[in-house]
Q: 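Questions regarding the structure given below will be posed in turn.
Order of the sequence lines fixes the chain letters, A, B, ..., with proteins taken first and strands second; residue numbering starts at 1 for each chain.
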Amino acid sequence: MLDPQLLRQQLDDVAKQLSRRGFQLETKILSELEIQRKTLQADTQNLQSERNSRAKAIGKAKAQGEDIAPLLAEVGTLGDRLKKMEQQLADVQTSLENIQLTIPNIPHVSVPAGKDENDNVEIRKWGEPRQFDFAIKDHVALGEKLALLDFATAAKISGARFTVLNAGLARLQRGLTQFMLDTHSGEHGYTEVYVPYLVNADSLRGTGQLPKFEEDLFAEKTQGLYLIPTAEVPVTNILRDTIVSDDQLPIKYTAHTPCFRSEAGAYGKDTRGMIRQHQFEKVEMVQFIRASESYAALEILTSHAETILQKLNLPYRVMNLCTGDIGFTAAKTYDLEVWLPAQNTYREISSCSNFEAFQTRRMLARWRNPETGKPELLHTVNGSGLAVGRTLVAIMENYQQADGSIRIPEVLAPYMGGIEVLKK
RNA sequence: GGAGAGGUGGCAGAGUGGUCGAAUGCGGCGGUCUUGAAAACCGUUGAGGGUUAAACCUCCCAGGGUUCGAAUCCCUGCCUCUCCGCCA
């Protein structure tokens, strides 16, 4: 959510900045509602004030044993009028809020202008794609040949966009997850947390998935909960409705969770293999930070995700997403794209964003500034570190050998119980 | 699943229809005293809106209701705790 003050005072400027990302702000409706709100609120408060003073007078008179009947008569229909006006005000405020909840974040000045992913700007590249002297296979062919990847069985159990991992590959996924968590908690200073995978609507509203993106979620019917699309939701909501002290900052969490996405808008996209699944594993990093430090934190957090790719020796590039491609809640996003030889291209494996106060305003996540003594909104920065399923794909394809076997990256050796190669 | 208790400020905990946004204690902050510290004492200390500043308004889990007036009464929901049963 954007700052309501900003929407009141600099509506046209906000509209202009939002147009950079192709969003058209309904300035007319907003300013009309805002005028209504203002007058209604002032009138309502005046009536409330009158009610309060009259009620107090009655109380006082009664305490002194005076006859309160004439005072009661004076009050007349004030209560009813007030009730009506309060209702009107609430309606206007609800309308305003409903609009505000669907307005995306303002892109940071350093976000390049552009329409779609083709306009994203490459910031840097790391590693050399390996030259193969044999005909390479994609992860599906590799995995099925080794009997490690089983889409048919997953389809029988659940349907499309699921997979069953077998034996060494299942272990590799577990090892990868462990490796990522160990690196972030051990070397990057994050606190590991374990969180619920089912969350309520308030949490999803807090991080911005609701109300706009309900169709992307899996809903659980009996309790009205939702399966998390990312650990960002439960982890960020740890600080919802909380004021932390200055000496607790920055707060840095890492968590591993499965993620569940309906992929409603992705029919026919990435149908082969485990690139786009309804269920996948991800390790997430989340930072809560003072406003003045959030852009520096974004750079550092991005480097934490890069560290994982570097340790795994997987070539990648860093993209600065353009105004047309950044997510609804983000002010700036770097995507990390890993080299997939079978697709002969780079594919997204991590997304690192600064949300500024967009989420914390919805969540009321604040810190107390010791200089003013007042609570201020925190900024949130988060990123995948990394998407485990896609990392698995990248390892399979990049570490494949001529005989169809797959080497295990050296850093994962401690997690593999002596397995050095996945083979028949 | 059955039975009961309860949700109040950073924490603990009073308040059960009217000068209550809320006693008191602890904690925090400022000060006095002290060479310094502790102790003691004095003062101060919730959030949001609004205003140049004030006035003023809202918030005692959430949402409804009763009333001139609700933290306090009624209804619904959520959450927590205790006991019994079941159970990874």
Q: Figure out the CZ/P separation between A:Arg366 and B:A47, and round it to whole Å.
A: 8 Å
Q: Find the distance A:Leu72:CG to B:G18:P and express it as a whole number of Å.
A: 16 Å
Q: Considering Watson-Crick and G-U wobble pairs with both distances under 3.5 Å, what does B:G1 pair with?
A: B:C84
Q: Taking atom P in both B:G7 and B:A62, what distance in whole Å separates the two?
A: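 Each nucleotide's P atom is 13 Å from the other's.
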Q: Roughly how far apart, to the nearest Å, are B:G21 and B:C56 at atom C1'?
A: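 15 Å, rounded to whole Å.
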Q: Do A:Ser351 and A:Asp335 meet the criterion of a side-chain donor-acceptor pair at a distance under 3.5 Å?
A: yes
Q: Determine the contact category for A:Lys60: base if any of its heavy atoms lies under 4.0 Å from a base atom, sugar-phosphate if only primed atoms, P, OP1 or OP2 are that close, otherwise nothing.
A: base
Q: Between A:His278 and A:Glu263, do the side chains contain an N or O donor and an N or O acceptor separated by less than 3.5 Å?
A: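 Distance-only check fails for A:His278 and A:Glu263.
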Q: Check every strand shown and say whether A:Glu86 touches a base, only sugar-phosphate, or nothing at a heavy-atom separation below 4.0 Å.
A: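 No contact at all - A:Glu86 keeps every heavy atom at 4.0 Å or more from the nucleic acid.
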Q: May I ask you to say what A:Glu74 touches in the nucleic acid, namely base, sugar-phosphate or nothing, with a heavy-atom cut-off under 4.0 Å?
A: nothing
Q: From CG of A:Leu82 over to P of B:C56, roughly how many Å is that when rounded to an integer?
A: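 About 17 Å, once rounded to whole Å.
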Q: A:Arg51 has an atom CZ; how far is it from atom C1' of B:U58, in whole Å?
A: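 Whole-Å distance recorded here is 10 Å.
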Q: Determine the Euclidean distance between corresponding P atoms of B:C60 and B:C11; express it in Å to zero decimal places.
A: 16 Å
Q: Once you apply the 3.5 Å cut-off to both distances, tell me the Watson-Crick or G-U wobble partner of B:A40, or none.
A: B:U32
Q: Using the P atoms only, state how far B:A12 lies from B:A54, rounded to an integer number of Å.
A: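 After rounding to an integer number of Å, I get 32 Å for this pair.
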Q: Look through every strand shown and name the nucleotide pairing with B:A53 as Watson-Crick or G-U wobble, where both distances are under 3.5 Å.
A: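 Result: none.
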Q: Just by distance, with hydrogens left out, do A:Glu232 and A:Thr207 show a side-chain donor and acceptor under 3.5 Å apart?
A: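 Judged by distance alone, the side chains do not pair up.
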Q: Taking the nucleotide of RNA chain B with the nearest heavy atom to each, does A:Gly59 or A:Glu50 sit closer to the 5' end?
A: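 Checking each residue's closest nucleotide, the 5'-ward one belongs to A:Gly59.
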Q: Between A:Thr257 and A:Lys282, do the side chains contain a donor N or O and an acceptor N or O under 3.5 Å apart?
A: no
Q: Return the value, rounded to whole Å, for the distance between atom NZ of A:Lys62 and atom C1' of B:U67.
A: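 Atom NZ in A:Lys62 sits about 10 Å away from atom C1' in B:U67.
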Q: Looking at the base of B:G18, is there any donor atom on it, or on the side chain of A:Lys56, that sits under 3.5 Å from an acceptor on the other one?
A: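 Answer is no: no donor-acceptor pair is held.
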Q: How many Å lie between CG on A:Asp202 and P on B:C61, as a whole number?
A: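 Checked: the CG to P distance equals 17 Å.
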Q: With rounding to whole Å, what would you report as the distance between B:A14 and B:G63 at their P atoms?
A: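 To the nearest whole Å, 25 Å.
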Q: Using whole Å, report how far CD of A:Gln9 lies from P of B:G49.
A: 12 Å
Q: What interatomic distance, in whole Å, is found between C1' of B:A70 and the corresponding atom of B:U58?
A: 15 Å
Q: Could you please name the option among B:C57, B:C68, B:A47 that lies closest to any side-chain atom of A:Ile58?
A: B:C68
Q: Between A:Lys374 and A:Ala55, which has a closest nucleotide on RNA chain B that is more 5'?
A: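 Its nucleotide being nearer the 5' end, the pick is A:Ala55.
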Q: Which value, in whole Å, describes the distance between the P atoms of nucleotides B:G10 and B:G6?
A: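 These two P atoms come out 24 Å apart once rounded.
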Q: Compare side-chain N and O positions of A:Gln5 against OP1 and OP2 of B:G50 and report whether any pair is under 4.0 Å apart.
A: yes
Q: Does the side chain of A:Ser294 come under 3.5 Å of the side chain of A:Asn354 through a donor N or O and an acceptor N or O?
A: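 Yes, side-chain donor-acceptor contact under 3.5 Å.
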Q: Using only heavy-atom distances, determine whether the side chains of A:Glu356 and A:His379 contain a donor-acceptor pair under 3.5 Å.
A: no
Q: Determine which nucleotide pairs with B:U67, using a 3.5 Å limit on both distances of a Watson-Crick or G-U wobble pair.
A: none
Q: Taking any heavy-atom pair under 4.0 Å as a contact, classify A:Asn46: base, sugar-phosphate, or nothing.
A: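 Nothing: the residue A:Asn46, judged by heavy atoms under 4.0 Å, touches no strand.
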Q: Take the protein atom CG of A:Asp241 and the nucleotide atom P of B:A47, then report the distance between them rounded to whole Å.
A: 15 Å
Q: Need one value for A:Arg8: base, sugar-phosphate or nothing, where a base atom within 4.0 Å counts as base even if backbone is also close, heavy atoms only.
A: sugar-phosphate
Q: Establish, with yes or no, whether the OP1 or OP2 oxygen of B:U58 is under 4.0 angstrom from a side-chain nitrogen or oxygen of A:Asn52.
A: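 Answer yes for this pair, as a side-chain N or O of A:Asn52 is under 4.0 Å from OP1 or OP2.
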Q: Expressed as a whole number of Å, how far does the C1' atom of B:C87 sit from that of B:G15?
A: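 Those two atoms are separated by 42 Å.
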Q: Counting only Watson-Crick or G-U wobble pairs whose two distances fall under 3.5 Å, which nucleotide matches B:C59?
A: B:G46
Q: Using Watson-Crick or G-U wobble geometry with both distances below 3.5 Å, tell me the partner of B:G6, or none.
A: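 For B:G6, the partner nucleotide comes out as B:C79, under the 3.5 Å rule.
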Q: Look at the rings of A:His188 and A:Tyr190 and say which category their plane angle falls in: under 30° parallel, 30 to 60° tilted, over 60° perpendicular.
A: perpendicular
